[in-house]
Amino acid sequence: LVKVVSELKAVETEPRMTPAEIMAAYEADSADPAIAGRYAQLLLLREANDEAREVALAVLEQEPKEPHAALVLAALA
């Protein structure tokens with residue numbers, strides 16, 4: 001077990017952001033797909049479904065593999 005664990009590689013993750021940080025980042029750069037995807041997810045959590053869908057669709061047009069936007073559309077399906 002020790003050998004297996006020692007061979008595992010860490011997965012890099014995105015830093016956590018508070019809702020206020022996401023909103024501020026989106027206001028500063030709404031064209032950034034990663035930030036806009038997180039913003040769409042925040043809108044979904046706040047039950048602003050129509051706006052969340054609109055932002056997520058725009059993000060996926062620009063960056064088809066953006067995971068946050070894809071998650072939003074999956075949740076709304």
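Every heavy atom of this structure was used, including side-chain atoms; hydrogens, water molecules and symmetry mates were not.
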First locate atom [atom1] of [X], then atom [atom2] of [Y], and finally report the distance between them rounded to the nearest 0.5 Å.
X: Asn49; Y: Glu54; atom1: CG; atom2: CD; result: 12.5 Å
X: Leu73; Y: Leu57; atom1: CG; atom2: CG; result: 5.0 Å
X: Arg53; Y: Leu44; atom1: CZ; atom2: CG; result: 9.5 Å
X: Leu8; Y: Lys3; atom1: CG; atom2: NZ; result: 12.0 Å

Are any non-hydrogen side-chain atoms of [X] and [Y] less than 4.5 angstrom apart?
X: Val59; Y: His68; answer: no
X: Met23; Y: Leu42; answer: yes
X: Glu51; Y: Tyr39; answer: yes

What are the two closest heavy atoms between [X] and [Y], and how far apart are they?
X: Ala36; Y: Ser30; value: CB-O, 3.8 Å
X: Ala25; Y: Ile35; value: C-CG2, 3.6 Å
X: Ala52; Y: Ala40; value: CB-O, 3.5 Å

Should Val55 and Tyr26 be marked as a side chain to side chain contact (heavy atoms under 4.5 Å, CB included) after you check the CA-CA gap, both sets of side-chain angles, and the distance that decides it?
CA-CA 11 Å; Val55 172; Tyr26 183 74; 4.1 Å; yes
I'd like to know if the side chain of Glu66 reaches the main chain of Ala69, judged simply by a donor and an acceptor atom lying under 3.5 Å from each other, with no hydrogens or angles considered.
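It does hold such a pair.
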Does Glu7 have more than 12 heavy atoms from other residues, nucleotides or ligands lying within 6.0 Å of its CD?
yes
Once salt bridge (Lys or Arg N to Asp or Glu O under 4.0 Å) is applied, what residue pairs with a partner in residues 33-42 remain, sequence neighbours excluded?
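Those involving residues 33-42 are Glu14-Arg38.
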Going through the distances and angles, do Ile22 and Gln41 end up as a side chain to side chain contact (heavy atoms under 4.5 Å, CB included)?
CA-CA 10 Å; Ile22 294 170; Gln41 194 171 24; over 6 Å; no
